**Student:** 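Take this structure, written in structure tokens, and hold onto it; I'll ask about it next.
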2 protein chains.
Amino acid sequence: MPHSDGTAPRKTRIQTQNEELILAAALEVFSAYGFRGSTVDQIATKCGLSKPNLLYYFRRKEDIYVALLEHTLTDWLEPLRAMDAEGDPIVELSNYITAKIRMSRDNPKASRLFANEILHGAPAIGTFLKGPLKELVDEKAAVISGWMDSGRLTRIDPHHLIFSIWSTTQHYADFDVQVNAVLGNPPDLMSKAEEAILTLFIEGLKPR
Amino acid sequence: MPHSDGTAPRKTRIQTQNEELILAAALEVFSAYGFRGSTVDQIATKCGLSKPNLLYYFRRKEDIYVALLEHTLTDWLEPLRAMDAEGDPIVELSNYITAKIRMSRDNPKASRLFANEILHGAPAIGTFLKGPLKELVDEKAAVISGWMDSGRLTRIDPHHLIFSIWSTTQHYADFDVQVNAVLGNPPDLMSKAEEAILTLFIEGLKPR
DNA sequence: ACCGCTCTTGACCATCTGATCAAGAATTAA
DNA sequence: TTAATTCTTGATCAGATGGTCAAGAGCGGT
């Protein structure tokens with residue numbers, strides 16, 4: 001077992017390397033088939049390790065899953081954190097929306113991983129949602145609310161505005177298959193989507 | 001086996017009754033745990049039938065799943081079908097959005113069932129998406145486009161507008177857990193959501 | 001009451017899958 | 001080199017799960 005004397009969990013070169021391999025493979029598999037739909041064998045095969053070897057690094061299937069979620073959660077919220085109360089509302093919101101939709105484009109698997117987790121009741125990250133996530137959202141909702149108070153944005157419930165941004169942007173990752181079925185796999189999908197979503201939110205939120 | 005002489009598949013009273021029982025239970029289970037995450041036993045227990053008895057009506061687990069999807073697909077698209085090219089654009093869109101968000105409120109399980117299916121690549125309804133769904137969406141996108149041509153709506157790519165409406169409304173069913181975690185289970189959630197979404201789309205789309 | 005058909009079920013099976021373990025190979029520090 | 005530690009794996013297990021089957025119970029028309 002890789003070290004457990006209570007102090008420093010210092011990792012071997014092989015250890016960090018294989019853990020990265022495993023998490024990368026796990027993202028592929030879990031995002032495609034969900035937790036129950038994925039097997040340890042699939043993940044092991046995908047990263048070229050034997051099943052017992054994989055279970056040497058992560059003792060249980062669930063440990064891989066949780067590690068993977070934690071590993072990507074921070075990045076996932078970065079764009080929202082970056083929204084600056086001192087900045088111009090229109091610019092800040094545009095940047096946020098653009099950042100979110102590009103995450104959908106560049107890392108759809110992470111989006112689908114979360115979507116699946118939440119869809120099934122967020123058994124692994126429920127406390128995170130009620131804690132850190134809620135705090136961050138409340139904070140940023142207050143910022144947006146401030147912008148609306150000063151008349152620089154049309155008034156809308158800021159929490160629901162955030163939900164709307166999340167849903168529209170993540171839709172292109174999570175419902176990828178549906179979008180492409182309806183649109184017939186156009187090459188410039190995401191830039192068109194970005195344009196439409198920005199128009200909807202930004203033009204819609206500009207005060208008249 | 002219940003009738004199979006090639007002609008009329010007329011059903012017994014018990015047959016229709018039990019099939020309904022099964023589909024109702026299956027919706028509960030499949031929407032909560034996904035296809036792979038659900039077991040035939042769970043469904044059987046939930047509707048008070050023995051597993052072999054359930055498999056007498058639906059020979060394979062997948063048959064239940066497919067039947068369930070087909071059974072709800074038609075209802076699901078009804079609001080979009082109802083959108084009338086001859087009506088007033090603002091009224092038609094308002095009605096559509098309102099209908100969609102109320103479906104999210106009244107039948108979140110069906111929404112999660114579809115979300116799960118699509119998230120996993122739509123193995124069971126892929127052809128439906130590329131066929132009937134695409135046709136319907138293309139038709140209604142053309143209607144919306146016509147409204148925009150006549151200057152009664154701000155110009156936005158109509159397909160992406162439809163996707164935005166789908167995503168924002170269904171978000172409240174599919175990501176229910178997240179929404180409630182962030183908002184702390186408020187009693188009037190859906191009416192607030194309805195108000196915010198209507199404001200966003202309708203105010204945003206009114207030509208200036 | 002009888003008969004054919006539908007319905008129900010306990011027992012059972014094959015397979016899949018998460019997880020364990022002991023033993024051997026590779027790596028590292030001295 | 002050597003010894004301790006880390007890493008790897010074939011074999012194996014226990015439980016879960018989708019699906020089958022034969023036999024019996026129930027129902028409906030005559």
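Please read these numbers as outputs of a predicted model, since none were measured by experiment. In what follows, chains are A, B, ... by sequence order, proteins preceding strands, each numbered from 1.
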**Student:** Report the relative orientation of the aromatic rings in B:Y65 and B:F30; use parallel for angles under 30°, tilted for 30 to 60°, perpendicular for over 60°.
**Tutor:** perpendicular

**Student:** Take the protein atom CD of A:Q17 and the nucleotide atom C1' of D:dT6, then report the distance between them rounded to whole Å.
**Tutor:** 14 Å

**Student:** Without decimals, in angstroms, what is the distance between A:K61 NZ and C:dC16 C1'?
**Tutor:** 11 Å

**Student:** Run through B:R112, B:H171, B:M190 and flag the one making a side chain to side chain contact (heavy atoms under 4.5 Å, CB included) with B:S104.
**Tutor:** B:M190

**Student:** Tell me the interatomic distance from A:E19, atom CD, to D:dC7, atom C1', rounded to whole angstroms.
**Tutor:** 13 Å

**Student:** Would you tell me if any nitrogen or oxygen in the side chain of B:N18 comes within less than 4.0 Å of OP1 or OP2 on C:dT6?
**Tutor:** no

**Student:** Check each residue of residues 42-52 of chain A for a non-hydrogen atom within less than 4.0 Å of any atom in DNA chain D, then write out the ones that pass by number, or none.
**Tutor:**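 Result for residues 42-52 of chain A: A:S50, A:P52, sorted by number.
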
**Student:** Just the rounded figure in Å: distance from C1' of D:dT17 to CG of B:L55.
**Tutor:**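 Going from B:L55 (CG) to D:dT17 (C1'), I get 11 Å.
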
**Student:** Knowing that exactly one of B:D176, B:V177, B:L183 qualifies, which makes a side chain to side chain contact (heavy atoms under 4.5 Å, CB included) with B:N180?
**Tutor:** B:D176

**Student:** Using OP1 and OP2 only, check whether a side-chain N or O of B:Y56 sits under 4.0 Å from D:dT20.
**Tutor:** no

**Student:** Using whole Å, report how far CD of A:E62 lies from P of C:dT17.
**Tutor:**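 So the CD-P distance, A:E62 to C:dT17, works out to 18 Å.
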
**Student:** Please report, rounded to the nearest Å, how far the C1' atom of D:dT20 is from the CZ atom of B:R59.
**Tutor:**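 The answer, rounded to whole Å, is 10 Å.
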
**Student:** Look at the rings of A:F163 and A:H159 and say which category their plane angle falls in: under 30° parallel, 30 to 60° tilted, over 60° perpendicular.
**Tutor:**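 Judged by the thresholds at 30° and 60°, the geometry between A:F163 and A:H159 is tilted.
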
**Student:** According to a strict under-4.0 Å criterion, is B:Q15 in side-chain N/O contact with OP1 or OP2 of C:dT6?
**Tutor:** no

**Student:** Would you please enumerate the stems DNA chain C participates in, each stem being three or more consecutive Watson-Crick or G-U wobble pairs with both distances under 3.5 Å?
**Tutor:** C:1-30 with D:1-30

**Student:** Among C:dT8, D:dC7, C:dT20, which nucleotide sits nearest the side chain of B:N53?
**Tutor:**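 Output: C:dT8.
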
**Student:** For atom NZ of B:K134, is the number of surrounding heavy atoms from other residues, nucleotides or ligands below 6.0 Å larger than 12?
**Tutor:** yes

**Student:** Could you pull out every donor-acceptor pair under 3.5 Å between side chains of residues 194-205 of chain B and any protein atom, sequence neighbours left out?
**Tutor:**
residue, atom, partner, partner atom, Å
B:E194, OE1, B:R102, NE, 3.3
B:E194, OE2, B:R102, NH2, 2.9
B:T199, OG1, B:E195, O, 2.8
B:E203, OE2, B:K206, NZ, 3.2

**Student:** Mind checking what makes side chain to side chain donor-acceptor pair (under 3.5 Å) contact with A:S111, not counting sequence neighbours?
**Tutor:**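 Once residues adjacent in sequence are excluded, the partners of A:S111 under the side chain to side chain donor-acceptor pair (under 3.5 Å) criterion are A:D174.
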
**Student:** So which of residues 24-41 of chain B are in contact with DNA chain C, with a heavy-atom cut-off of under 4.0 Å?
**Tutor:** B:R36

**Student:** Quick one: CG on B:L21 to NZ on B:K46, what's the gap to the nearest 0.5 Å?
**Tutor:** 12.5 Å

**Student:** Does the side chain of A:R105 reach to within under 4.5 Å of the side chain of A:Y172, using non-hydrogen atoms?
**Tutor:** no

**Student:** Does a salt bridge link A:D188 with A:K192, judged by any charged N lying under 4.0 Å from a carboxylate O?
**Tutor:** yes

**Student:** I need the B:M148 CE to B:D157 CG distance, nearest 0.5 Å.
**Tutor:** 8.0 Å

**Student:** Hey, could you give me the CD1/CD distance between B:I165 and B:Q170, rounded to the nearest 0.5 Å?
**Tutor:**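 Going from CD1 on B:I165 over to CD on B:Q170, the span is 11.0 Å.
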
**Student:** State the CD1-CG distance between A:I118 and A:L129, to the nearest 0.5 angstrom.
**Tutor:** 5.5 Å

**Student:** Would you give the length of the straight line joining atom CD of A:E117 to atom OG of A:S31, rounded to the nearest 0.5 angstrom?
**Tutor:**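 It comes to 13.5 Å.
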
**Student:** Find the distance B:L54:CG to D:dT17:C1' and express it as a whole number of Å.
**Tutor:** 14 Å

**Student:** Mark up nucleotides 22-30 of chain C, 5' to 3', with B wherever a protein heavy atom is under 4.0 angstrom from a base atom, S wherever such an atom reaches only the sugar-phosphate, and - elsewhere.
**Tutor:** ------S--

